[in-house]
Amino acid sequence: MSSKHRMVPFLLTFLFHAAGFAQKLDMKALDKIRQEGMSNSQVEAIAHQLTDVSGPRLTNSPGFQRAAEWSVGKLTEWGLQNARLDEWGEFGNGWQFEKSYLAMTQPYYMPFIAIPKAWTGSTPGLISGDVAVVELNNESDFARYTGKLKGKIVLVKGEDFDAGPTFKPDAVRLTHEDLDKLTNSETFGGQRFSPEMLERYRLMRNFRTKVDSFLKAEEIQLELIRRNGRHGTLFTSNGASFQAGTPDPGPAFELSNEHAGLLQRLKNSGMEVKVEADVKTRFFKEKTKAANVIAEIPGSDRKLADEIVMLGAHLDSWHGATGATDNAAGSIVMLEAVRILQATGLKPKRTVRIALWSGEEQGIYGSRNYVKKTFGDAERMMLHPDHEKLSAYYNIDNGTGRIRGVYLQGNEAVRPIFKKWLEPFGDIIDQPTLTSRNTGGTDHLSFDAVGLPGFQFIQDGIEYGSRTHHTNQDLYERLVMDDLRQMAVIVASFVYNTAQMDKKMPRKELPKPVAR
């Protein structure tokens with residue numbers, strides 16, 4: 001039998017299967033969602049609270065706690081049930097910086113753009129010292145500097161990142177050609193990184209810890225680390241160890257690309273270079289367990305209320321700014337989506353559950369542990385009874401850009417369903433796109449790992465890769481409010497449609513256990 005003829009039974013089976021999940025759209029309900037989301041939007045007010053008022057939101061920091069408690073209170077005010085902080089297990093130390101100053105004082109004075117490295121220590125007040133530039137690529141390099149760095153301010157020479165002019169716009173939207181490439185791309189799913197990439201990352205992290213320990217043992221005053229970025233934008237790293245019980249690292253700054261280059265060139269020319277600094281950081285070690293924000297709209301149908309539709313985004317951020325696009329944006333959209341459902345008076349048949357995750361930036365800990373506790377253990381593929389109750393999970397974590405479609409995560413059975421759901425919004429989604437690809441690296445993977453339908457939306461990039469992702473520029477001004485409104489309407493409609501389906505969302509084959 002030819003491959004063409006072999007496809008016929010498959011397509012007929014697929015279409016028959018998909019037809020079982022078909023439903024007539026409730027256009028009156030969708031119109032209510034659109035009207036509420038576009039005319040009575042609260043995205044600006046929510047954004048102000050999560051960014052300006054809460055501040056940076058490292059997991060277990062006071063900023064995260066402010067944002068989480070405000071979210072619980074607001075969800076309760078909107079009428080959601082059982083709004084709470086849901087503890088998921090051990091995370092580690094909270095941390096924040098409370099003073100930050102770094103400047104070159106010789107051969108002339110210049111203030112520097114720099115951010116204390118996350119989970120590093122304080123200086124003993126204002127310090128000053130000579131700059132030494134060191135190159136540490138492996139442990140054998142340590143011997144070159146042993147006994148030579150005491151009292152120095154040490155710049156660890158890293159990659160020479162390009163800091164020249166840019167000739168492309170910082171803010172971009174997906175073109176029709178970009179979307180066509182997504183549609184035509186080879187399907188992939190599951191893990192974002194290969195085992196080999198994960199092993200290299202683990203080795204790099206372990207080596208960085210050894211570098212920090214070596215420099216601390218050499219009794220340097222301060223470590224400076226060159227970071228990528230240009231034009232005043234500084235991309236922070238994954239920080240030092242936040243694990244409870246580990247020794248506090250010495251003080252360290254992550255330094256702008258241009259200012260690190262200045263120090264290196266001055267030292268290379270033989271000049272004496274001095275820097276002064278004052279950094280104060282605080283560790284929060286009393287409470288090392290972490291929690292997610294959870295709340296529900298109870299289902300209205302007696303037979304289906306026990307089933308669940310989830311939507312979520314991670315609430316935690318990095319500390320260089322207020323985490324506006326990563327990922328206050330996603331949390332804003334999800335909060336606004338459930339507010340819309342409540343304000344319209346719609347009564348979803350299934351229970352709608354919102355989750356705002358913690359610990360995503362350190363390894364999707366919040367969602368992974370929630371799924372492990374609630375639905376199943378991906379490592380052993382041991383499933384809990386609620387695994388059968390979840391219909392779908394929807395996630396936002398690619399910045400402030402508007403929705404352009406959905407990553408199907410290799411679940412082709414949902415394609416005709418989502419295609420139908422996107423059709424009423426053709427006027428606010430340019431070229432609605434569905435791709436089997438997986439965007440990777442965020443909380444929907446926790447659900448996919450145990451065979452549950454978990455989806456991330458395709459979004460316009462805007463400035464995510466050039467200006468905002470993990471940077472000192474990720475502030476309120478980087479949010480595009482019209483895009484957030486559009487996203488909230490689309491998400492609310494997807495959640496509502498899922499809650500009204502006759503059957504739960506079709507699933508892929510149960511994956512094999514995932515070794516950690």
Side-chain angles (χ1 to χ4, degrees), residues 46 49-50 54 57 59-61 63-91 287 289-300 305-317 327-328 330-342 348 350-362 364-377 384-397 442-447 449-450 452-455 488 491-492 494-496 498-499:
I46 299 170
Q49 288 292 331
L50 295 187
S54 298
R57 301 179 305 280
T59 296
N60 278 3
S61 72
F64 181 88
Q65 195 67 19
R66 284 190 292 271
E69 290 177 356
W70 179 85
S71 299
V72 168
K74 187 56 66 171
L75 289 164
T76 301
E77 179 185 318
W78 291 335
L80 278 81
Q81 301 297 305
N82 202 22
R84 65 198 186 278
L85 288 173
D86 184 67
E87 197 171 87
W88 53 257
E90 184 72 20
F91 172 76
K287 184 180 180 298
K289 293 185 184 298
N292 304 311
V293 174
I294 304 290
E296 294 178 340
I297 301 173
S300 62
D306 199 37
E307 296 181 1
I308 306 159
V309 182
M310 288 193 68
L311 66 162
H314 74 88
L315 185 60
D316 63 307
S317 76
N327 184 34
S331 296
I332 293 161
V333 167
M334 297 314 185
L335 287 166
E336 173 70 355
V338 294
R339 186 202 66 80
I340 289 170
L341 293 177
Q342 288 292 88
R350 289 177 176 84
T351 293
V352 172
R353 182 180 298 164
I354 182 174
L356 304 181
W357 310 112
S358 61
E360 190 273 349
E361 295 292 2
Q362 290 72 44
I364 62 174
Y365 289 137
S367 61
R368 182 181 294 165
N369 282 282
Y370 176 85
V371 167
K372 184 176 182 179
K373 177 177 69 172
T374 309
F375 300 118
D377 184 346
H384 307 321
D386 279 0
H387 187 274
E388 282 302 312
K389 297 179 181 179
L390 183 76
S391 182
Y393 169 77
Y394 300 104
N395 195 73
I396 290 284
D397 186 19
T442 190
D443 292 294
H444 71 291
L445 295 181
S446 299
F447 292 81
V450 293
L452 292 171
F455 304 102
V491 171
F494 265 63
V495 169
Y496 183 75
T498 308

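For this chain, numbers begin at 1 and follow the sequence in order. Scope of the values below: all heavy atoms of this structure, side chains included, with no hydrogens, waters or symmetry mates.
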Given Ser358 and Trp88, is the side-chain contact (heavy atoms from CB on, under 4.5 Å) satisfied, shown in steps? CA-CA 9 Å; Ser358 61; Trp88 53 257; 2.7 Å; yes
Apply side-chain contact (heavy atoms from CB on, under 4.5 Å) to Asp306 and Thr351, showing your working. CA-CA 7 Å; Asp306 199 37; Thr351 293; over 6 Å; no
Working note: Lys287 + Glu87, criterion side-chain contact (heavy atoms from CB on, under 4.5 Å); need CA distance, chi angles, decisive distance, verdict. CA-CA 11 Å; Lys287 184 180 180 298; Glu87 197 171 87; 4.1 Å; yes
Check step by step if side-chain contact (heavy atoms from CB on, under 4.5 Å) holds for Leu75 and Ile354. CA-CA 10 Å; Leu75 289 164; Ile354 182 174; 4.2 Å; yes
As a quick check of understanding, evaluate side-chain hydrogen bond (donor to acceptor under 3.5 Å, both in side chains) for Thr498 and Tyr394, giving each step before the final call. CA-CA 10 Å; Thr498 308; Tyr394 300 104; 2.6 Å; yes
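By the side-chain contact (heavy atoms from CB on, under 4.5 Å) test, Ala313 pairs with Asn327, Ser331, Met334, sequence neighbours left out. Evaluation of the salt bridge (Lys or Arg N to Asp or Glu O under 4.0 Å) rule for Arg84 yields Asp86 as partners, not counting sequence neighbours.
Remark: the backbone N or O of Leu315 is paired with a side-chain donor or acceptor of Arg57 at under 3.5 angstrom. Using modelled atom types, no side-chain atom of Lys74 and backbone atom of Ile46 make a donor-acceptor pair closer than 3.5 Å. Within the 3.5 Å criterion, the main-chain N or O of Glu360 finds no donor-acceptor partner in the side chain of Gln362. At distances below 3.5 Å, not a single donor-acceptor pair connects side-chain atoms of His384 with backbone N or O atoms of Val371. Using a distance-only test at 3.5 Å, with no hydrogens or angles considered, a donor-acceptor pair links the side chain of Gln342 to the main chain of Trp78.
Residues in residues 307-317 take part in these salt bridge (charged side-chain N to carboxylate O under 4.0 Å, His left out) pairs, two or more places apart or across chains: Glu307-Arg350.
Of all the heavy atoms in Leu311 and Ala337, the pair that sits closest is CD1-CB, 3.9 Å. Nearest approach of Ile340 to Ala492, heavy atoms of both residues: CG2-CB, 4.3 Å. Here the closest non-hydrogen pair linking Met310 and Ala355 is CE-CB, 3.8 Å. For Ile332 against Leu50, the heavy-atom pair with the smallest separation is CG1-CD1, 4.0 Å.
Interatomic distance, Ser367 OG to Asp397 CG, rounded to the nearest 0.5 Å: 10.0 Å. Note that the CD atom of Gln65 and the CG atom of Leu85 stand 6.0 Å from one another [nearest 0.5 Å]. In this structure, Thr59 OG1 and His314 NE2 are separated by 9.5 Å, a value rounded to the nearest 0.5 Å. Going from atom CD1 of Ile294 over to atom CG of Leu80 covers 11.5 Å, rounded to the nearest 0.5 Å. Interatomic distance, CZ of Arg353 versus CD1 of Ile297, reported as 12.0 Å (0.5 Å rounding). Once rounded to the nearest 0.5 Å, the distance linking NZ of Lys389 with CG of Leu452 reads 13.5 Å.
Residues His387 and Val450 form a side-chain contact, since some pair of their non-hydrogen atoms from C-beta on lies under 4.5 Å apart. Inter-residue side-chain proximity for Glu296 and Val352 is flagged as unmet; no heavy-atom pair is nearer than 4.5 Å. You'll find the side chain of Asn292 stays beyond 4.5 Å of the side chain of Leu356, heavy atoms only. Two residues are said to be in side-chain contact when any heavy atoms from C-beta on lie closer than 4.5 Å; Leu335 and Trp70 meet this criterion.
Checked against Trp357 for a ring pair (Phe, Tyr, Trp, His ring centres under 6.0 Å), the options Tyr365, Tyr370, Phe64 give a single hit: Tyr370.
Between Tyr393 and Phe447, the two ring planes are parallel [angle under 30°; tilted spans 30° to 60°].
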